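Beneath this line is the structure, given in structure tokens, with notes to follow.
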Amino acid sequence: MFNHLIRRSRNALLPSLALLCVLVWWSACTPQEEEFTPDAGALLRFEADSVVFDTVFTEVGSITKRLKVYNPHKKAVRISEIKVGGLGNSPFQVLVNGRQGPQLHGVELLGGDSLLVLVKAAINPHADDTPFLVNDSILFLTNGNEQKVKLVAYGQNAAYFRRNYQTACAETWAGKKAFVIYDSVTVPAGCTLTIEKGVQVYLQNKAKLKVLGTLNVMGTHEERVRFQQIRQEEPYRNAPGQWQGIEFRASSPGSVLRYVEIKNAVTGLKLVAQGASSPEVTVEHGFLKNMLQAGVLSVGGKVQLVNSVVTNCGEYALAGLGGGTYKILYSTIANYSSDFIRNSASVVFQERYVVEGKVQREAPYQAEVVNSILWGRLDEELQLGGMGAGSGRSIRYSFVKTLLHKGELEAGALRNQVNVDPRFVDGEKFNFQLIKLSPANKAGTPLPGLLLDYENKPRDPATPDVGAFEVDF
């Protein structure tokens, strides 16, 4: 009887012993990074302490930002809660492992592994037209320990122009509210769009401003008007080709753009003549940069640049093709093209406009360049086409980088300095101020009515400096 009981007890223990052996074996074979630690000191690590959205337009929302979360420990952790502080009332939302919400539970992270958290901001319209700040946090609760990552967005109310908007015949854009163009805005022939000081215009990919009438941009040195891309986060801040540009057609007379910045387009300003009709554009105190194709591309147009800068263009900084009239005064055209491999000269004047081997337009050109700098990385930054009847050019008191036209520009009393470095403070970083010992200092000639430089500093009345900037002593 006693032996029988021993055998029954032994048989009853066998399954428990087997289970214990399995558990011991499983524990011994489970990788350490898959074992969950209950340690309250097992803190997460974040790639940044804040997720910042530079500009979020109301009604539009934003792109998605990314935040990497790391488990630096050998063992796995179970994040019991990930949530946005404001929950459903927050403008921010998170997405983790395909799960969306203001609040998620039971997110597991293996030892030494990382987790990608996607964050999106969508801000409701605000009473204030000026940019405003929106804050919140993402909270992570792990083993009873709470950690935070700040969420920051700069909101901006805007006026939105969607598909093929046509302005009124006398329309004005003014105020602190942004103006966002999704597709195209057209100024009809015989009509005028006036853009007042301080206005910020943002354009979506492939969007353009098309001017059949007149565009008047009335910026000031303190409150410049800016045309730029919608996406404002760091990778896009200076990326070329994000919108099409401003286009002036043959019926566009006498447009004036003062104290304007145009950046990150395919072509900043494009002028297209038709027959004997030519668009006319004057740019004063302008800064054009980061263009995929050209800063100014004129096919038979009439262009005047005064106290202006053109830089970092993939093909031309200024191209006058198919004839036209060009006057470049006190301007710095310094095409360093840091984003491109460029083969063409920065500044080109030609009677012919050729596309795929076919002449599209042929007409005389008149080009006058005074007190200006035509510079860049290439040995040849100036290309002058042949001149037939009616064409003419005058380049004087200027710094020009050219081998082909060296003899012509050094002749007579033109007072040009050919292939002499004007000595910018830092041209590679688009700082085209002249150093105090620059040879361009006091190398210009006075021009009537032009008494201020790009930054509104007085020009020397007797011996002004060459280029857009007067040396600051």
Side-chain angles (χ1 to χ4, degrees), residues 219-222 224 256-261 281-289 295-296 303-311 317-318 320 325-336 346-347 349 366-376 381-382 392-402 405-406 408-427 429-473:
T220 66
H221 174 59
E222 294 77 17
R224 291 182 177 270
V256 179
L257 286 63
R258 292 192 178 99
Y259 296 95
V260 63
E261 181 178 308
V281 178
T282 296
V283 180
E284 300 175 355
H285 304 267
F287 205 120
L288 286 72
K289 64 180 180 180
V296 180
V303 177
Q304 181 168 269
L305 293 182
V306 182
N307 283 323
S308 293
V309 179
V310 186
T311 187
L318 168 64
T325 303
Y326 307 94
K327 185 174 285 190
I328 315 300
L329 309 175
Y330 282 127
S331 290
T332 298
I333 301 177
N335 196 10
Y336 280 87
S346 289
V347 180
F349 298 116
Q366 292 288 331
E368 181 181 10
V369 180
V370 187
N371 290 350
S372 293
I373 299 172
L374 311 182
W375 208 254
E381 293 292 9
L382 177 64
R393 60 198 184 216
S394 172
I395 300 176
R396 51 199 174 89
Y397 289 91
S398 294
F399 281 64
V400 185
K401 197 173 185 185
T402 178
H405 306 290
K406 186 174 187 294
E408 175 185 339
L409 297 186
E410 289 182 335
L414 298 176
R415 303 291 295 274
N416 294 309
Q417 299 197 44
V418 180
N419 300 324
V420 176
D421 191 338
R423 307 285 300 277
F424 301 123
V425 170
D426 194 343
K429 295 183 178 178
F430 311 138
N431 183 347
F432 298 112
Q433 295 275 357
L434 301 171
I435 67 170
K436 292 182 180 181
L437 297 178
S438 166
N441 182 18
K442 298 186 179 300
T445 185
L447 296 177
L450 299 180
L451 307 179
L452 302 174
D453 78 344
Y454 172 85
E455 295 185 323
N456 278 5
K457 292 182 296 188
R459 294 275 184 189
D460 187 307
T463 54
D465 300 340
V466 172
F469 299 92
E470 193 81 0
V471 173
D472 189 10
F473 285 100

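This one's a predicted model, so the numbers in the text were calculated from it and none came from an experiment.
What you find for His221 and Tyr454 is that their closest heavy atoms are ND1-O, 4.2 Å. Nearest heavy atom pair, residue His285 against residue Asn456, reads CE1-OD1, 3.7 Å. Listed here is the closest heavy atom pair of Asp453 and Glu470: OD2-N, 2.9 Å. The two atoms that bring Thr402 and Leu409 nearest to each other are CG2-CD1, 3.9 Å, heavy atoms only. Nearest heavy atom pair, residue Pro439 against residue Pro422, reads CD-O, 3.9 Å. For Val400 against Ile395, the heavy-atom pair with the smallest separation is CG2-CG2, 4.2 Å.
Every residue meeting the salt bridge (Lys or Arg N to Asp or Glu O under 4.0 Å) condition with Asp460, not counting sequence neighbours, appears here in chain and number order: Lys442. Not counting sequence neighbours, Arg423 has no partner by the salt bridge (Lys or Arg N to Asp or Glu O under 4.0 Å) test. Legend: residues meeting salt bridge (Lys or Arg N to Asp or Glu O under 4.0 Å) with Arg396, ordered by chain and number and at least two apart, are Glu368.
Taken to the nearest 0.5 Å, the CG atom of Leu447 stands 4.5 Å off from the OH atom of Tyr330. Summarising the geometry, atom CZ belonging to Arg258 is positioned 11.5 Å from atom OG belonging to Ser308; distances are rounded to the nearest 0.5 Å. Atom CG of Leu382 sits about 10.0 Å away from atom OG of Ser398, to the nearest 0.5 Å. In this structure, Ile328 CD1 and Asn371 CG are separated by 12.5 Å, a value rounded to the nearest 0.5 Å. Atom CG of Leu329 sits about 14.0 Å away from atom OH of Tyr397, to the nearest 0.5 Å. Taken from CG in Leu288 to CG in Leu257, the straight-line distance is 8.5 Å, to the nearest 0.5 Å.
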Inset, instruction - Start with the C-alpha gap between Tyr326 and Val369, add the side-chain angles, then the distance that decides, and say whether side-chain contact (heavy atoms from CB on, under 4.5 Å) holds. - result: CA-CA 8 Å; Tyr326 307 94; Val369 180; over 6 Å; no
Legend entry - side-chain contact (heavy atoms from CB on, under 4.5 Å) between Asn307 and Arg459, worked out: CA-CA 11 Å; Asn307 283 323; Arg459 294 275 184 189; 2.7 Å; yes
Inset, instruction - Evaluate the side chain to side chain donor-acceptor pair (under 3.5 Å) criterion for residues Glu381 and Ser346: first the C-alpha distance (whole Å), next the side-chain angles of each, then the deciding distance (0.1 Å), finally the verdict. - result: CA-CA 5 Å; Glu381 293 292 9; Ser346 289; 2.8 Å; yes
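By the 6.0 Å and 45° rule, Arg393 does not stack over the aromatic ring of Phe349.
Looking at heavy atoms from C-beta onward, Phe469 lies in side-chain contact with Val309 at the 4.5 angstrom threshold. Contact of the Phe424 side chain with the Thr332 side chain is registered, since non-hydrogen atoms from C-beta on lie closer than 4.5 Å. At a threshold of 4.5 Å between non-hydrogen side-chain atoms, the residues Trp375 and Ile333 do not count as touching.
In terms of modelled atom types and a separation under 3.5 Å, the side chain of Thr311 and the main chain of Lys289 share no donor-acceptor contact. Of the possible donor and acceptor atoms, one in the side chain of Asn431 sits under 3.5 Å from a partner among the backbone N and O of Gln433.
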